[in-house]
Number of protein chains: 2
Amino acid sequence: MSPRSGADLALLLLGGYRNLVDEVVRELAARGFPDARPAHEYAMRAIQAGADNASELGRRLAVTKQAAAKTIAALVDRGYVTTVESPVDARRKQIQLTEHGLALMREGAAIFDEVRARWEERLGADELARLETQLTRLVGDSPIDVNAPGWAAQGTS
Amino acid sequence: MSPRSGADLALLLLGGYRNLVDEVVRELAARGFPDARPAHEYAMRAIQAGADNASELGRRLAVTKQAAAKTIAALVDRGYVTTVESPVDARRKQIQLTEHGLALMREGAAIFDEVRARWEERLGADELARLETQLTRLVGDSPIDVNAPGWAAQGTS
DNA sequence: AAGCATTCGTCAACCAGGTTGTCTTTGTCA
DNA sequence: TGACAAAGACAACCTGGTTGACGAATGCTT
């Protein structure tokens, strides 16, 4: 039993991610956010955590500023984000979550946590915590750095 | 300490997958397969496991037959796969790995296993095995079904 | 044997989320 | 003041998918 090849491990990680994210997107659609995409969640988390322009957002998500600008355009389109001119730097276009954007974040976090709770039931709290700890040890050097002060304070309940 | 929100868990899974796959692609490039993409690995695993035409490949990878056909075209382009007319069904185009394709699979499996070995060093064999077991319990119902008789017999050493 | 439904592959158009490269505008600093 | 760095925008392109429409081959039923 058990996979135990490196390639299988990759498939497990990807599968876990997909299971989780697919469900969140599906649920978000059912709860009034039919146009939310996975990438939006992450971008908005980074914005909430302090990325207030395209270049900075790109840095935090480890993508180019052009890619970040496209994502921002999509978010503005959908009404999750607005841009305002920076009073201090005429080059900058500051971005902010709208009320609608904040509502999406609250709902998204709630769904993520519901899925996590189901996983906790399946594995037991200890085992899930252990799994997260070990994953953190493996992934500590990930380039995706969305978690900065600001996010945690938001509350995910 | 520790993340412990559902969204953080998603990021961990994605981060782990990316770390692993990025390294494999980078190493494959260094070892003579500069044109190998992550999707190729999975498609070729499915082919090796018995998917011998575009429609079947699509089913196993949980994508449309059109997407599978594009992947096959890319693999043929790169010399990893060849197609032959089916003797029994004139509609079918059978696909097979070439020698070059088999070489890629061997090298890819070896690299995956090297990374896994490094993770094992970092976590300890027990902890990594435990992590894989728990992930398997969470992901058992993944739609990606690449593992069928045929692959395991190939040997990944 | 005929007729119909299914399956296989393919074409075309499109989308999401990225990339590189080039450019203008604006800011900073020596 | 002049050189350089940084922000945003534009264009072209790539990968890996999607839908929809289709003809040709096959299989199933009557």
Side-chain angles (χ1 to χ4, degrees), chain A residues 14 17-18 21-22 25-26 28-29 34-47 51-78 80-95 143-144 146, chain B residues 14 17-18 21-22 25-26 28-29 34-47 51-78 80-95 143-144 146:
Chain A
L14 179 59
Y17 172 75
R18 277 211 195 163
V21 167
D22 286 356
V25 169
R26 208 180 321 118
L28 275 175
D35 54 3
R37 314 263 333 126
H40 299 163
E41 266 273 332
Y42 299 117
M44 291 171 71
R45 280 186 80 181
I47 294 168
D52 77 332
N53 63 77
S55 294
E56 177 58 24
L57 180 59
R59 278 190 290 269
R60 298 222 194 184
L61 298 177
V63 300
T64 59
K65 59 183 178 176
Q66 292 93 325
K70 280 195 195 180
T71 303
I72 292 171
L75 291 173
V76 170
D77 263 12
R78 289 163 167 80
Y80 294 131
V81 151
T82 48
T83 64
V84 299
E85 301 294 317
S86 162
V88 342
D89 186 339
R91 290 170 308 177
R92 267 185 168 77
K93 258 191 190 171
Q94 274 179 225
I95 53 184
I144 304 174
V146 140
Chain B
L14 179 59
Y17 172 74
R18 279 211 194 162
V21 168
D22 286 356
V25 170
R26 209 180 319 118
L28 275 176
D35 54 2
R37 314 262 335 125
H40 299 164
E41 266 274 330
Y42 298 117
M44 292 172 70
R45 282 186 79 179
I47 294 168
D52 77 331
N53 64 76
S55 295
E56 177 58 25
L57 181 58
R59 277 190 291 268
R60 298 222 195 182
L61 299 177
V63 301
T64 59
K65 58 181 178 175
Q66 292 94 323
K70 281 194 195 182
T71 303
I72 292 171
L75 291 173
V76 170
D77 262 13
R78 289 162 166 81
Y80 294 131
V81 150
T82 48
T83 64
V84 300
E85 302 294 319
S86 162
V88 345
D89 186 338
R91 290 170 307 177
R92 268 187 167 77
K93 258 190 190 171
Q94 275 179 225
I95 53 184
I144 305 174
V146 141

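Each chain gets a letter, A, B and so on, in the order the sequences are listed, and its residues count up from 1.
Summarising the geometry, the separation between CG on Leu61(A) and P on dG18(C) is reported as 8 Å, rounded to the nearest angstrom. We find that CZ of Arg37(A) is positioned 12 Å from P of dT18(D), with the value rounded to whole Å. Between the CD1 atom of Ile72(B) and the C1' atom of dT15(D) there is a distance of 16 Å, given to the nearest Å. Counting to the nearest Å, the P atom of dA16(C) and the CD atom of Glu41(A) are 18 Å from each other. When the P atom of dA7(D) is taken as reference, atom NZ of Lys70(A) falls 20 Å away, rounded to whole Å. Regarding Glu85(B), its CD atom lies at a distance of 11 Å from the P atom of dT26(D), rounded to whole Å. Asp52(B) has its CG atom 9 Å from the P atom of dG9(C), to the nearest Å. Between the NE2 atom of His40(B) and the C1' atom of dC14(D) there is a distance of 12 Å, rounded to whole Å.
Ranking dC8(C), dG17(C), dT15(D) by closeness to the Arg92(B) side chain, first place goes to dC8(C). Distance from the side chain of Arg59(B) is smallest for dC8(C) among the nucleotides dG17(D), dC8(C), dG8(D).
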Worked verdict on Ile47(B) versus Leu75(B) for side-chain contact (heavy atoms from CB on, under 4.5 Å): CA-CA 11 Å; Ile47(B) 294 168; Leu75(B) 291 173; 4.2 Å; yes
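The residue Ala69(B) sits apart from the nucleic acid: no heavy atom pair falls under 4.0 Å.
A heavy-atom distance below 4.5 Å is found between the side chains of Asp35(B) and Tyr80(B). Side-chain contact between Thr71(A) and Tyr42(A) is absent, with no heavy-atom pair separated by less than 4.5 Å. Between Gln94(B) and Glu85(B) there is no side-chain heavy-atom pair separated by less than 4.5 Å.
When all heavy atoms are compared, the tightest approach of Glu56(B) to Ala51(B) is CG-CA, 3.7 Å. Residues Ala68(B) and Val63(B) share a closest heavy-atom pair of N-CG2, 4.1 Å.
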Along nucleotides 20-29 of chain C, 5' to 3', which nucleotides get a B, which get an S, and which get a -, given that the test is a protein heavy-atom distance under 4.0 Å? BB---BBS--
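Arg92(B) places no side-chain N or O within donor-acceptor distance of the main-chain N or O of Asn53(B), the cut-off being under 3.5 Å.
OP1 and OP2 of dA6(D) both lie 4.0 Å or more from every side-chain N or O belonging to Ser55(A).
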